[in-house]
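Remember, predicted model here, so these are calculated numbers, not experimental data.
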Amino acid sequence: MSTHAQKRSLFDPGLLRPAVRDAFVKLDPRHQVRNPVMFVTEVGSAFTTLLGVHALVTGAGEASPAFILSVSAWLWATVLFANLAEAIAEGRGKAQADSLRKARRDILAKKLAVPRRDAARTEVPAPDLRRGDSVLVEAGDLVPADGEVVEGVASVDESAITGESAPVIRESGGDRSAVTGGTRVLSDWLIVRITANPGEAFLDRMISLVEGAKRQKTPNEIALDILLASMTIVFLLATATLLPFSVYAADVAGHGRPVTVTVLIALLVCLIPTTIGGLLSAIGISGMDRLIRANVIAMSGRAVEAAGDVDVLLLDKTGTITLGNRLATAFVPAPGVDERALADAAQLASLADETPEGRSIVVLAKEKHGIRERDVHALGARFVAFSAHTRMSGVDLDGRTLRKGAVDAIESWVHERGGALAPEVKAAVETIARGGGTPLVVADGGRALGVIHLKDILKGGIRERFAELRRMGIETVMITGDNPLTAAAIAAEAGVDDFLAQATPEAKLRLIRERQAGGHLVAMTGDGTNDAPALAQADVAVAMNTGTQAAREAGNMVDLDSNPTKLIEIVEIGKQLLMTRGSLTTFSIANDVAKYFAILPAAFAATYPVLKSLDVMRLTSPQSAILSAVIFNAVIIVLLIPLALRGVAYRPVGAAALLRRNLLVYGLGGLVAPFAGIKLVDLLLATLGLV
Amino acid sequence: MTANALVQVALFLLVLLLLAKPLGVFMARVYSGETTVLDRVLGPLERLTYRLCGVVPETEMTWKSYAGAFLAFNLLGLVAVYAILRLQAVLPWNPQGLSATTPDLAFNAAVSFATNTNWQSYSGETTLSYFSQMLALTVQNFVSAAAGMAVLAAFARGVARRSGTTIGNFWGDLVRSTAYVLLPLSVVLTLALVSQGVVQTLRPYATVTAVETGRPQVLALGPAASQIAIKQLGTNGGGFFNVNSAHPFENPTALSNFLEMLAILLLAAALCHSFGRMVGDARQGTALIAAMTLALVAFLALCLCAEQRGNPALASLGVDARATAMQPGGNMEGKEARFGIANSALWATATTAASNGSVNAMHDSFTPLGGLAPLVLMQLGEVIFGGVGSGLYGMLIFAIVAVFIAGLMVGRTPEYLGKKIEAFEIKMASVALLAPALCVLAGTAAAVATTAGRAGVFNPGPHGFSEVLYAFSSAGNNNGSAFGGLGANNPFYNVTLGIAMLVSRYFVAIPALALAGSLVRKKAVAPGPGTFPTHTPLFVILLLGIVVLVGALTFLPALALGPIVEHLLLYA
């Protein structure tokens, strides 16, 4: 979504204005009741407003109307600030949803009676299409709904979904057969069998996800909600019983007055975890939002949380750990053969070979031996293409028959021509294979000239990435079709913890089940139809957007960039989501200590003036103390909105180190910060002459 | 703090921690059904009990049937105690001819002993017959403690078992706790106490001629030693005599005092090790006992310092409160001269850290801060050692909350010993944390807001408020110790405190069993570097932080109006 999700500043005025409006709309108690902490705050605000009005009208309130009403105003502000946080988070999603909706214009589909190009076609609106219908999509048409290509090959512009402007090829059969509604066919034509009914399409799901409209609470969020609700009950108890306690104290002391209801409500709101309660939904929404900005669509919030718990990552070797292709890195000549002669023969044999491996041989010969690339046609050579039958390729030139290929293929070729592979060549082949490389033997007729060393090239920085994952406590398993020897060598070079060689879909599935039985949570990526069972079994399964429909349905996330390394980012986003919740909860609870020190001496100033010595902040007056605590409690929500939206910084260190750090920052910080904050507000109020 | 005090405290903790480990290992074997050294002696007794009761201890129970058995057994005990107390006038072993107790007192006492609280709003020697003391109270002293230990054993199985739906057999756990742990230890302690001069007789009260006055005086006697042994070991705390372990016939010497204090904490401490062993990681038990010991030492330091510092009101009158070779100094009001400040403060913190509640000094006479220490120890939920079994499962519920917050902070779905902590666990933990807080705060509020409640307060003012708060903190956390100074033997306090004891016992124990039932079904997650370890000093600090923070945030306003304002007024 890189095109629609440009980096917006957190308080973009374009987003802020509707958010402010939404904050007021959300004052509706029916909305608030879903969040017990903020509901209690709203009820408290309403009650103090009534008390204030009563004091104003009768002149016989429990405190001065100005004091009650200013407390009341700040309590309302607390609710509004919490609403604002949620509205800002939602607004960012809405902006993305709007741009996605543009892709879902009224499309007229060419519905086919039977899935053949020459079949009778009728024009129907896209929403009338049902699962199983066939449609024809030609150059310039928009794909009317999600489906599977049953015939044809075409280039498709998927930028509306992925933000990637380069067109992709979609064709029937194989792993690139899925098309998404709202994308545009640029060339040629496709016959598509529709796989999603209206409203269930990928685009619909994306829109509802980014809007957060049907956002369901995740399991951890529900558990946290319960904890916050029970803390609210504890504080409700602590403050409600304070009224009879203070009545008794005033009675037996014979002087002073019981604590006022306004002060009790102020104390209650300050104590209940409004900071985390107010930011909780914003944290959840922005977690999804961060994922979408990483161009990953999660099918549920549960999947995102599960990503944070993953401790085994299955990674495909090709494309994830290594660059897609092997490259030639050395020539090993046979005894009696000059290395330059081998390079020359290898280059000639590869001139017409357009595979990346072939190109890399040509380049290596040029770089190492200065052998210039020649035009195969000008030489009058006959190109022999690779076939699955011969498993060799090469050229026939001036009576020479140059071939390159796998060792067993070349060996039988040489053998047929009365030659034999020198033991040194066989030894070279063995050495290269053991080192994780792929040996290609070059032969000229019945004579083996030597071996080309093709090597898997690791992606830059991948070793460091794996070291980082290990520190996070995540085990990496490399999946490859290579033989165990090659696989072991690459695994060692890349620094993965384990590997699965000669992997079949069944072996992958078995591996996942074994790890899960051992109590691990497994994440994997996949794109092919034969990945689908493993994807369905994995706890976090990221399907490539270029993959088949089967893979996309089996996964619980879709990566629009089809970048297998994305899994690592997804894990980090999942962890960050939980960490932000945990850290702000700790912060919120730790804050309460300072609030007690501010409010308790103030509340009992009349009955027990001696409690003044608990007022370590030396606040201006009892009224100022209470007001300062309430203001701090409200303002801290706004100050923490950016943190809630951005998430707490994640560091790839072990759990214990991470906890120590977060406890220090948010636990100890949460203990200390409000002392300074409340004092600051008090000074400000005093300076402005407001108290 | 004096050097003498430091040495006594250090010696006490050393002996306690040294004994806790082997006893804990032994108990783990008892609950795992392994053979023990006592099998040959006590095996026949155990099997006979099963045969008489028709129990097959190998039958596994789900948490619901376990909880059902636990509740049914407790209800039976409650009804039996109530009936005995109401009928004691016509029952045997009543040499003093004591009459039946009032219905509200019988209810209060029955609840109190069935819930392992042992709050006493009566004086044993003037209210209860020997029959009531032995068959109603001592029986409950054994089985209420055994029931708490059984719940803990079930909880440990819930955590330890890798999969399944059952958490053991309540009847088996109850019988094994009694037969292999409580009975042998009680026999040993009873004999040790008798050797120190604790009375053990069925003879009527003795009449002697007082030395000072020369007039005849009645000395209350009875089968005290056997009841005292189990009252200490089973964290019951209900004294045979009114003044409890301050009475020379209950606690005559320094050695008897040491043994009784040791018995208060011994089983609760040992169970930490049992838990560690049962879950297959001894370090978990060590971490829990470390957290408990740290908290105990901190509150002990507060209590000791406050008591040794003495009373400024007396100091202003020119009373010398310094500790010298000739005098203990400090605040000696309400303390026995044979125990002094160190052993009184140590007992006070031990008895309130554990939910024992026996006393060897009058807490009401402590300085405000010295009294604050036992008060807060109870308000923390009786989890610093706590009651046998109940203290540890209470602490483990706090551990669940701690790992929940810690787990979120490290970005992982929280788990405790491999079991994921989810919404249901938090719900049960919340109920368990809320119930005692509700009892204490709502009970205190009801008492100070009503005429009936205010009538019992003999010291109106902050101190009277502290007394009421202490009473409800004690009943609302199943401790049972009394601050004193409160007229509690009346229908208002008997009924409200009785309800508080019921709620705080069962609304913690049943959620604990529900937690065990939920955890036992969960597949264990493999530990790794991404898992937050629960045996490290960091976890000990976090756990203590959560316990103290929850307690402080709940009770700070109430404490401010009681002991804190009292302290400030004293030094104002």
Side-chain angles (χ1 to χ4, degrees), chain A residues 219-220 222-224 226-227 230 233-235 237-239 241-242 244-249 252-253 271 305 308-309 311 470-475 518-520 574-576 578-579 581-583 585-586 589 592-593 596 600 604 608 610-611 613-614 650 654-656 658-660 662-663 666-667, chain B residues 401 404-414 418 421-423 425-427 429-431 433-434 437-438 441-442 444-446 448-449 454 460-462 464-465 523-526 528-533 536 538 541-542 545 549-550 552-558 560-561 564-565 568-569 572:
Chain A
N220 276 317
I222 293 170
L224 184 56
I226 294 170
L227 188 70
S230 53
I233 297 174
V234 166
F235 291 125
L237 261 174
T239 45
T241 52
L242 209 45
F245 293 173
S246 74
V247 169
Y248 174 79
V252 295
L271 293 177
E305 277 187 357
D309 296 345
D311 53 4
R470 198 166 305 115
R471 283 198 298 277
M472 284 159 69
I474 295 173
E475 182 192 359
H520 294 280
K575 284 194 178 291
Q576 220 186 5
L578 294 186
M579 276 170 52
R581 279 195 206 126
S583 302
T585 304
T586 310
I589 300 170
D592 284 354
V593 175
Y596 265 137
L600 279 183
F604 297 105
Y608 292 131
V610 55
L611 280 174
S613 52
L614 291 184
Y650 178 75
L658 204 58
L659 181 71
R660 200 173 310 124
N662 283 340
L663 266 183
Y666 298 98
Chain B
V401 175
F404 180 74
I405 292 173
L408 289 183
M409 272 201 281
V410 300
R412 244 176 103 100
T413 297
I421 304 304
E422 291 166 299
E425 284 72 30
I426 294 299
K427 201 181 288 173
S430 298
V431 171
L433 298 190
L434 274 174
L438 174 76
L441 289 173
T444 309
V448 298
R454 285 189 184 191
F465 181 76
K523 211 174 64 178
V525 180
T531 330
F532 169 60
T536 57
L538 183 64
I541 292 167
L542 179 75
L549 200 65
V550 169
L553 293 180
T554 313
F555 296 107
L556 203 59
L561 295 181
I564 293 177
V565 79
L568 293 173
L569 287 170

Most chain B-contacting option - heavy-atom pairs closer than 4.5 Å, from [options]:
options	answer
A:G518, A:G473, A:G308	A:G473
A:L611, A:V593, A:I222, A:V247	A:L611
A:T585, A:L227, A:I474, A:T239	A:L227
A:L658, A:V610, A:V252, A:L614	A:V610
A:G582, A:G667, A:A253	A:G582
A:A223, A:A249, A:P219	A:A223

By a 4.5 Å heavy-atom criterion (distance strictly below it), what part of [X] contacts chain B: side chain, backbone, both, or neither?
X	value
A:L600	side chain
A:F245	both
A:L224	both
A:D311	side chain

Check: A:N220 and B:P414 side chains under 4.5 Å, non-hydrogen atoms: yes
Under a 4.5 Å cut-off applied to non-hydrogen side-chain atoms, are A:D309 and A:L578 in contact? yes
Search all heavy atoms of [X] against all heavy atoms of [Y] and return the closest pair with its distance.
X	Y	result
A:T241	A:A238	OG1-O, 3.3 Å
B:V525	B:R412	CG1-NH2, 3.7 Å
A:A656	B:L538	O-CD2, 3.6 Å
B:T413	B:I421	CG2-O, 4.5 Å

Under a 4.5 Å heavy-atom cut-off, does chain A meet the side chain of [X], its backbone, both or neither?
X	answer
B:L568	both
B:L556	both
B:V401	side chain
B:A524	backbone
B:F404	side chain
B:T554	both
B:A552	backbone
B:K427	both
B:L433	neither

Going from CZ on A:R660 to CG on B:L542, what distance comes out if it is rounded to the nearest 0.5 angstrom? 12.5 Å
Run the side chain to side chain contact (heavy atoms under 4.5 Å, CB included) test on A:L242 and A:F604 for me, step by step, so that the C-alpha distance in whole Å, both residues' side-chain angles and the decisive distance to 0.1 Å come before the verdict. CA-CA 10 Å; A:L242 209 45; A:F604 297 105; 3.7 Å; yes
Evaluation steps, side chain to side chain contact (heavy atoms under 4.5 Å, CB included), between A:F235 and A:D592: CA-CA 10 Å; A:F235 291 125; A:D592 284 354; 3.3 Å; yes
Taking B:P557's backbone N and O only, do any of them form a donor-acceptor pair with A:Y596's side chain (distance below 3.5 Å, no angle check)? no
Side-chain donor/acceptor of A:N662 to backbone N/O of A:S583, under 3.5 Å: no
Chain A: which of B:P462, B:A449, B:A437, B:G418 shares the most heavy-atom pairs with it under 4.5 Å? B:P462
Test side chain to side chain contact (heavy atoms under 4.5 Å, CB included) on B:R454 and A:Y248; report intermediate values, then the result. CA-CA 9 Å; B:R454 285 189 184 191; A:Y248 174 79; 3.6 Å; yes
